[in-house]
Trainee: 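My structure is below; once you've seen it, I'll send some questions.
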Amino acid sequence: MRVYKKVRRFGSLFLAAVVAILTLSVMVHATQVITTPNAAFFTYSLAAGANSAPITPVANQSVLVMGTQTTFGFRGVGQVSMLRIAGSFLEWSGLESCCPSAITSSFSGVAGTHIVWLDFSHVVGIQVNTPDTFVVHNGAAGARTGNVTLIW
Amino acid sequence: MELPVKNKRNARRVWLGLLLWAGLAAGLLAQAFGPHLKIQNNKFVIPPSLLSGEKEVHPDEMVTRERRMQALSGILTLGSGLGLGFYYRQTLFPKATLKGD
């Protein structure tokens with residue numbers, strides 16, 4: 001009887017420990033997700049002439065769009081602050097990739113309009129896709145890889 | 001006259017226990033089957049497969065959905081976990097309960 005009681009107690013404590021560990025791990029993950037700022041990181045790997053999937057930034061507030069190309073020999077970095085007016089246009093202001101770097105600013109809803117270069121050679125960049133979306137376009141002769149970060 | 005009242009109380013207690021276990025299971029399921037965006041350098045990493053596809057990517061909606069699922073999962077799991085601790089307090093802390101009584 002005493003052994004049975006001990007086993008039962010051990011079992012209940014073990015179950016309580018399992019529940020506590022599961023609860024804590026869920027809470028840790030939930031806290032991490034909730035406290036992470038509004039920032040999204042995309043990596044791209046595009047064949048020659050290819051476009052990435054269309055990306056929709058948040059509407060009616062400034063979004064920092066910055067991108068880097070990491071392909072050796074063609075590396076670069078560029079950024080723009082972007083505004084999306086839903087169904088109308090994208091508006092942006094920022095700095096092209098080196099070299100030379102220059103201010104880029106305009107607004108458009110027309111597909112193919114250049115927004116910002118991300119590479120050294122100024123052939124890979126972000127361009128307007130629709131009034132609500134933009135794409136990363138690889139205008140180079142070979143495949144290119146890099147990443148784009150959105151902060152809003 | 002006392003017996004039905006006691007039965008009612010017991011039935012309510014059993015239902016409460018079941019509800020708490022169901023809450024915990026729901027919280028864990030929400031965690032297991034949530035969108036699960038990876039976090040790296042304090043940023044949500046959008047899976048590369050999404051960017052290579054044709055479908056529009058809405059990062060703000062993805063992040064909002066992830067946050068909502070995690071909050072729901074956290075509330076359900078923590079609430080149920082604490083509730084279960086209280087529900088089984090006599091089993092878990094027999095001496096403390098006796099002292100309290």
Side-chain angles (χ1 to χ4, degrees), chain A residues 5 8-9 11-47 50-59 61 63 65-66 84 129-130 132-136 145-152, chain B residues 20-21 24-25 27-32 34-85 87-94:
Chain A
K5 261 189 179 174
R8 207 183 146 199
R9 174 138 182 81
S12 53
L13 284 177
F14 178 75
L15 192 62
V18 169
V19 169
I21 288 167
L22 284 173
T23 305
L24 277 178
S25 64
V26 167
M27 284 312 295
V28 166
H29 192 234
T31 308
Q32 192 192 15
V33 167
I34 289 164
T35 54
T36 301
N38 285 333
F41 180 82
F42 302 83
T43 52
Y44 66 81
S45 180
L46 298 170
N51 282 343
S52 72
I55 300 168
T56 311
V58 195
Q61 71 177 70
V63 180
V65 182
M66 47 187 177
R84 173 167 78 92
N129 182 55
T130 65
D132 291 305
T133 62
F134 63 82
V135 289
V136 180
T145 56
N147 54 68
V148 175
T149 304
L150 265 70
I151 302 172
W152 66 94
Chain B
L20 288 170
W21 280 111
L24 185 78
L28 293 175
L29 282 175
Q31 181 70 217
H36 279 294
L37 285 179
K38 212 170 122 188
I39 293 171
Q40 212 172 47
N41 297 327
N42 232 12
K43 280 177 272 189
F44 291 96
V45 178
I46 308 297
S49 55
L50 286 182
L51 206 61
S52 55
E54 293 284 308
K55 237 177 132 186
E56 258 183 55
V57 182
H58 296 258
D60 55 320
E61 286 175 14
M62 291 170 79
V63 168
T64 307
R65 202 178 315 131
E66 172 86 7
R67 284 217 180 98
R68 200 180 303 140
M69 284 300 283
Q70 289 299 329
L72 179 76
S73 167
I75 289 167
L76 277 172
T77 313
L78 185 69
S80 308
L82 290 174
L84 284 168
Y87 182 80
Y88 291 110
R89 65 191 182 282
Q90 283 163 340
T91 317
L92 293 172
F93 315 105

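Here the structure is a predicted model, which is why all the values come from computation and not from measurement. In what follows, every chain begins at residue 1, and chains take the letters A, B, ... in the order their sequences are listed.
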Trainee: For the residue pair B:Asp60 and A:Trp152, what are the closest heavy atoms and their distance?
Mentor: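 That closest heavy-atom pairing would be CA-CZ2, 3.5 Å.
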Trainee: When you compare the side chain of A:Thr43 with that of B:Leu51, does any pair of heavy atoms fall below 4.5 Å?
Mentor: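 No, too far: nothing below the 4.5 Å cut-off.
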Trainee: Measuring from B:Ile39:CD1 to A:Thr35:OG1, what's the distance to the nearest 0.5 Å?
Mentor: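 Between B:Ile39 CD1 and A:Thr35 OG1, I get 7.5 Å after rounding to 0.5 Å.
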Trainee: Just jot down the salt bridge (Lys or Arg N to Asp or Glu O under 4.0 Å) partners of A:Asp132, sequence neighbours excluded, or say none.
Mentor: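 Partners of A:Asp132 by the salt bridge (Lys or Arg N to Asp or Glu O under 4.0 Å) criterion, ordered by chain and then number, come out as A:Arg84.
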Trainee: By a 4.5 Å heavy-atom criterion (distance strictly below it), what part of A:Leu150 contacts chain B: side chain, backbone, both, or neither?
Mentor: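 Contact with chain B: side chain only.
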Trainee: Measure distances from A:Leu15 to the heavy atoms of chain B and classify the residue's part below 4.5 Å as side chain, backbone, both or neither.
Mentor: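 The side chain, not the backbone.
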Trainee: Could you tell me which portion of B:Leu24 (side chain, backbone, both or neither) has an atom closer than 4.5 angstrom to a non-hydrogen atom of chain A?
Mentor: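 Looking at B:Leu24, just its side chain touches chain A.
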Trainee: Can you say whether B:Leu50 sits under 4.5 Å from chain A via the side chain, the backbone, both, or neither, judging by heavy atoms?
Mentor: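 Just its backbone gets close to chain A.
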Trainee: Which answer fits B:Val63, side chain, backbone, both or neither, if we ask what part of it has an atom under 4.5 Å from a heavy atom of chain A?
Mentor: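 Looking at B:Val63, just its side chain touches chain A.
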Trainee: Could you tell me which residues satisfy ring-ring contact (aromatic ring centres under 6.0 Å, His included) with B:His58, sequence neighbours excluded, listed by chain and number?
Mentor: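 Per chain and number, B:His58 pairs via ring-ring contact (aromatic ring centres under 6.0 Å, His included) with no residue.
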Trainee: Between OG1 of A:Thr133 and CD of B:Glu56, what distance do you get to the nearest 0.5 Å?
Mentor: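 The distance works out to 5.0 Å.
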Trainee: Between chain B and each of A:Val58, A:Thr36, A:Leu22, count heavy-atom pairs under 4.5 Å; write down the option with the most.
Mentor: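 Top option by heavy-atom pairs under 4.5 Å: A:Thr36.
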Trainee: Need one label for B:Leu78: side chain, backbone, both or neither, based on atoms under 4.5 Å from any heavy atom in chain A.
Mentor: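 For B:Leu78, backbone and side chain are both near chain A.
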Trainee: Side chain, backbone, both or neither: which part of A:Thr31 has a heavy atom under 4.5 Å from chain B?
Mentor: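 For A:Thr31, no heavy atom lies under 4.5 Å from chain B.
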Trainee: Looking at A:Pro54 and B:Glu54, what are the two nearest heavy atoms and their distance?
Mentor: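 Result for this residue pair: CD-O, 3.4 Å.
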Trainee: Going through the distances and angles, do B:Val57 and A:Phe42 end up as a side-chain contact (heavy atoms from CB on, under 4.5 Å)?
Mentor: CA-CA 10 Å; B:Val57 182; A:Phe42 302 83; 3.6 Å; yes
Trainee: At a heavy-atom distance under 4.5 Å, which candidate from A:Leu13, A:Val19, A:Thr130 has the highest pair count against chain B?
Mentor: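 Between A:Leu13, A:Val19, A:Thr130, the count favours A:Val19.
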Trainee: Tell me the closest heavy-atom pair linking B:Gly81 and A:Thr23, and the distance in Å.
Mentor: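 Distance-wise, the nearest heavy atoms are CA-OG1, 4.2 Å.
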Trainee: Nearest heavy-atom pair of A:Met27 and B:Gly74: which atoms, and what distance?
Mentor: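 For A:Met27 and B:Gly74, the tightest heavy-atom pair comes out as SD-O, 3.5 Å.
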Trainee: Does atom CZ of A:Arg9 have more than 12 heavy-atom neighbours, drawn from other residues, nucleotides or ligands, at distances under 6.0 Å?
Mentor: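 Yes, CZ of A:Arg9 has more than 12 neighbouring heavy atoms, counting only those of other groups under 6.0 Å.
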Trainee: Distance check, rounded to the nearest 0.5 Å: B:Glu66 atom CD versus A:Ile34 atom CD1?
Mentor: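 B:Glu66 CD to A:Ile34 CD1: 10.0 Å, rounded to 0.5 Å.
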